[in-house]
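Here is the structure we will look at.
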There are 2 protein chains.
Amino acid sequence: MARTRRLNGQRPTLEDVARGSGVSKSTVSRVINGEGKVRAEVVERVREVVAELGYVPNSAARQLVTRRNNAIAVVASQPQNRLFIDPFFDLHLRGIRKELVAHGAQPVLLFLEEEEEYPRVGDFLGGGHVDGALLFSLRAGDPLPGMVERLGLPAVFGGRPLVRGGETVRDCVYVDADNRGGAREAVRHLVSLGRERVATVTGPYDQEASAVDRLDGYRDVLLDDAAPELIERADYTRRGGAEAMAALLDRRPDLDAVFVASDLMAAGALQALRERGRRVPDDVAVVGFDDLAPIAERTDPPLTTVHQDIEGMGRLMARLLFSRTDDPALPQPTAAEPGALSSVVTPTQLVIRDTA
Amino acid sequence: MARTRRLNGQRPTLEDVARGSGVSKSTVSRVINGEGKVRAEVVERVREVVAELGYVPNSAARQLVTRRNNAIAVVASQPQNRLFIDPFFDLHLRGIRKELVAHGAQPVLLFLEEEEEYPRVGDFLGGGHVDGALLFSLRAGDPLPGMVERLGLPAVFGGRPLVRGGETVRDCVYVDADNRGGAREAVRHLVSLGRERVATVTGPYDQEASAVDRLDGYRDVLLDDAAPELIERADYTRRGGAEAMAALLDRRPDLDAVFVASDLMAAGALQALRERGRRVPDDVAVVGFDDLAPIAERTDPPLTTVHQDIEGMGRLMARLLFSRTDDPALPQPTAAEPGALSSVVTPTQLVIRDTA
DNA sequence: ATGAAAGCGCTAACAT
DNA sequence: ATGTTAGCGCTTTCAT
């Protein structure tokens, strides 16, 4: 049965569905949005026409009046391939997506690689395409926190954003692991094993808060024993970990333990130790950080490391965001008062395997 | 200087900017969209107010009238971690993003993992959020081609979509490498080397067109010599390649060459050959497919393989899409006539290293 | 339970 | 060069 059809090649609108089913636009709208208060008979007829016409609501029109569109931006400002290589990112994103999808929100991914992409992404975020944003893997001093703040876009960060030079991010909400506490536990474990010259391979502490915090945790425990030559900075990559380990061994051939601030770097460090003929853990005890199964369980020997619930942190970010976007009455927590919504630091846990 | 400000906590609109700078909405709109025909003096004043108010255009409102919003969806329907592991995806996506960004379009990534995500993604794609879609890594029989067709959304596919059971994708536009030709060249090379029992490890030819095509290329050359026991199917993973190679060696210990349908699988195959004590290329010559630098250049020995310009294919997809979205006057090439726009098959090239 | 009408923020004729 | 006006497709009072 050929009902009213759009002949002009345009997509069908609410109006078309209304005509096709002999009711008003309001009624169709009610059916689409499942508002009840419509006779079952009418509901069915409208549904038929919707299917027949292939009608899909135009969310621009809808957003214009409701101010929402059920999409959440997930933003990562890091070179794409760095993200793809990193199992951390995979897990984190998985957690985020699960929770978003469970809430019926469409996750929309945005990658930022170049400096000049910020304005365009800013326009996108401010343009009403999304109800909120989840941002992570930011560079130090990233303009993103300031941008979402200015836009008044509800946002939650993964990892405490590291501010650089001047501009302070006022009340940005973030989810982060207890990096400092985890590092303390790792180093205390090494000390409790009787190790006396505990070195550390750090992350890029000029770039990432997690690296700063893990180094601070190391210092908390060792205090004055944390000699500068026992500390070597690397970049969270496997190769960087190997090189840093080699440098440490050159400077302090007598070191008997090392806290490596990520599993990936620890894998590199183990390799460097092997190449230098050091036995692990007999000569040198090693503790990593992250507990990424594909790495920590497969190193030789299996890695003692600090566990963090990465997927859970992703889910938490999403839940925190929803606590804001779901109730528009809630005030922006950017005000003086932090509101019901504040940052969360999740616990870590030492997982003892065979390297320490 | 305190000009007119929004006091109600809402985001500023065109109207606010107009009031603040003492001109009409139209003029502000012209300034925003850089249409010229506005006095420099006025332009400057408007720009000031825009900055002062932190005005960002609401693209929902804009989309409603222009039908465009400068965003392109990039859709991958594969388990997220499969994508992240695969260097192919990284390169492909890089090419796509580069071209999109060069055109001033915002790439918006959507991942599909579960069956039940399709409706939501369909609503998103049909909801006017994006001007077009670039889709790749589809599963066999994926509903996506049918969906975008029905929505009338301009789309270009990466890799020829494999139809399964019934529904044919009418005139879907895709970019694909000359998989069949490349495979032919690879196998011909092995034959020209004097190899007489050339086996093949195929991709999942029940799932991906590329696997079908590469197998067809192998058969094209060998004709009746392509005995069933010389053909072993795998899944484009390293482990799968190793297992398939082992199976082939069990069945035909006398094989003297193998065409492996991806570099990742070839890496696995080389390992299996080594474990079985076969020398490469002396005992068994090996040719791969893809020419992914991080793999092909680092295998031992370096891999002879079929090169395809993956990043270029990504860029091409984007360009093809723009040729459609840029000129709305152009008819949908879904009509009987293919129009100026049709699929592109890009050439491949044999890269001879040390395994054949 | 249903319809009529207003309006979300913007652009695009059409005036001037 | 600038302003006025009429919608884009939808939701949402407010009537009925």
Side-chain angles (χ1 to χ4, degrees), chain A residues 6 8-46 49-50 53-70 123-124 126-129 131 151-152 328, chain B residues 6 8-46 49-50 53-71 123 126-129 131 151-152 328:
Chain A
R6 286 240 142 185
N8 46 9
Q10 299 300 304
R11 300 270 305 283
T13 73
L14 246 205
E15 174 109 42
D16 298 317
V17 177
R19 254 204 309 274
S21 43
V23 294
S24 74
K25 292 195 297 175
S26 324
T27 300
V28 177
S29 175
R30 287 178 186 116
V31 173
I32 302 283
N33 298 302
E35 280 192 35
K37 312 235 172 201
V38 182
R39 267 185 318 182
E41 180 191 325
V42 177
V43 171
E44 195 177 348
R45 187 147 35 95
V46 170
V49 179
V50 164
L53 259 39
Y55 169 77
V56 174
N58 177 329
S59 40
R62 181 180 276 172
Q63 198 276 344
L64 209 48
V65 23
T66 61
R67 282 14 191 52
R68 326 198 69 242
N69 49 31
N70 260 18
D123 285 353
F124 185 88
H129 292 276
D131 303 335
L151 292 170
Chain B
R6 286 241 141 184
N8 46 9
Q10 299 300 304
R11 298 271 305 283
T13 73
L14 245 205
E15 175 110 42
D16 298 315
V17 177
R19 254 205 309 277
S21 42
V23 295
S24 73
K25 292 196 298 175
S26 323
T27 300
V28 176
S29 175
R30 287 179 187 114
V31 172
I32 302 284
N33 298 303
E35 281 192 32
K37 312 237 173 202
V38 183
R39 266 184 320 180
E41 180 192 327
V42 176
V43 171
E44 196 176 347
R45 187 147 36 95
V46 170
V49 178
V50 164
L53 260 39
Y55 169 76
V56 175
N58 178 328
S59 39
R62 180 181 276 170
Q63 199 275 343
L64 209 47
V65 23
T66 61
R67 287 2 188 62
R68 329 197 68 241
N69 49 31
N70 260 19
D123 285 354
H129 293 275
D131 303 334
L151 291 171

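Keep in mind the model is a prediction, meaning the values are calculated, not measured. Each chain gets a letter, A, B and so on, in the order its sequence line appears, and its residues count up from 1.
Between B:Gln63 atom CD and D:dC10 atom P the separation is 11 Å, expressed in whole Å. Distance CG (A:Leu14) to C1' (C:dG3): 14 Å, rounded to an integer number of Å. Rounded to whole Å, the distance from CZ on B:Arg67 to P on C:dA12 is 12 Å. A:Leu64 has its CG atom 12 Å from the P atom of D:dC10, to the nearest Å. Atom CZ in A:Arg62 sits roughly 16 Å away from atom C1' in D:dC8 (whole-Å rounding). Counting to the nearest Å, the C1' atom of D:dC10 and the CG atom of A:Asp16 are 13 Å from each other. In this structure, the CG atom of B:Asn58 is 18 Å from the P atom of D:dC8, given to the nearest Å. Atom CZ in B:Arg19 sits roughly 18 Å away from atom C1' in D:dT2 (whole-Å rounding).
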Between protein and nucleotides 12-16 of chain D, what N or O pairs are separated by less than 3.5 Å?
residue : atom : partner : partner atom : Å
D:dT12  : O4   : A:Ser26 : OG           : 3.3

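Taking every side-chain heavy atom of B:Arg39 into account, D:dT2 is the closest of C:dT2, D:dT2, D:dG9. Checking C:dC10, D:dT2, D:dC10 against every side-chain atom of B:Lys37, the shortest atom distance belongs to D:dT2.
With hydrogens and angles disregarded, no donor-acceptor distance shorter than 3.5 Å links the side chain of A:Ser29 to the backbone of A:Lys25. At distances below 3.5 Å, not a single donor-acceptor pair connects side-chain atoms of B:Thr27 with backbone N or O atoms of B:Val23. In terms of modelled atom types and a separation under 3.5 Å, the side chain of B:Ser59 and the main chain of B:Asn69 share no donor-acceptor contact.
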Show which side-chain atoms of residues 34-43 of chain A pair as donor or acceptor with protein atoms under 3.5 Å away, not counting sequence neighbours.
none

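Under 3.5 Å, the side chains of B:Asn33 and B:Arg62 contain a donor-acceptor pair of N or O atoms.
Under 4.0 angstrom from either OP1 or OP2 of C:dG3 there lies at least one side-chain N or O belonging to A:Ser24.
Side chains of A:Tyr55 and A:Leu14 form a contact here, defined as non-hydrogen atoms less than 4.5 Å apart. Within the 4.5 Å cutoff, the side chain of B:Asp16 has no heavy atoms near those of the B:Arg11 side chain.
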